[in-house]
Amino acid sequence: PAAARGLVYAWVRDRATTESRTFAAGDEELTKVRDRAGMSSRGWTYKVLRELADAGVLEENDTGSASTFTIVSLDALGDLERGEAAA
């Protein structure tokens with residue numbers, strides 16, 4: 001689902017413009033994006049967020065009861081978007 005990932009990428013890009021650059025996978029806005037994308041599993045959300053962490057867009061902090069993610073750089077997001085568009 002490249003289109004579904006694209007919605008998450010757009011959300012991350014938008015979220016980066018706010019002061020709230022740290023969020024959990026269960027973030028209310030992110031859950032709305034997941035629902036709009038037709039992806040009902042929080043596991044799918046974690047998969048996409050961890051792919052973004054592996055690419056250097058996010059940093060995952062898994063200490064505590066729930067993992068959180070912090071937007072650290074949007075540089076690799078463009079490459080991911082182009083890769084998804086080509087897929």
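These numbers come from the heavy atoms of this one structure, side chains and all, not from hydrogens, waters or symmetry mates.
In this structure, the separation between CZ on Arg42 and CG on Leu30 is 9.5 Å, given to the nearest 0.5 Å. In this structure, CD in Glu29 is found 7.5 Å from CG in Asp14, a value given to the nearest 0.5 Å. In this structure, the separation between CG on Leu74 and CG on Asp79 is 12.0 Å, given to the nearest 0.5 Å.
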What do the steps show when you test Thr70 against Asn61 for side chain to side chain contact (heavy atoms under 4.5 Å, CB included), and what is the final call?
CA-CA 8 Å; Thr70 301; Asn61 179 351; over 6 Å; no
Go through it in stages, so that I can follow the logic: the residues are Arg15 and Asp27, the test is side chain to side chain contact (heavy atoms under 4.5 Å, CB included), and I'd like the CA-CA distance, side-chain angles, deciding distance and then a yes or no.
CA-CA 11 Å; Arg15 182 70 177 241; Asp27 179 273; 3.1 Å; yes
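More than 12 non-hydrogen atoms from other residues, nucleotides or ligands lie less than 6.0 angstrom from CD of Glu60.
Pairing each heavy atom of Val12 with each of Ile71, the nearest pair is O-CD1, 3.6 Å. Between Arg13 and Gly78, the shortest heavy-atom distance links the atoms NH2-N, 3.8 Å. Across every non-hydrogen atom of Gly56 and Val72, the tightest pair is O-CG2, 3.3 Å. Minimum interatomic distance between Thr18 and Arg21 (heavy atoms only, all atoms of both residues): O-CG, 3.6 Å. Trp44 approaches Arg5 most closely through the heavy-atom pair CZ2-N, 4.1 Å. The shortest heavy-atom contact between Thr31 and Ala25 is OG1-O, 4.3 Å.
Between Trp11 and Phe23, the angle of the ring planes goes over 60°, which puts this pair in the perpendicular group of the 30/60° scheme.
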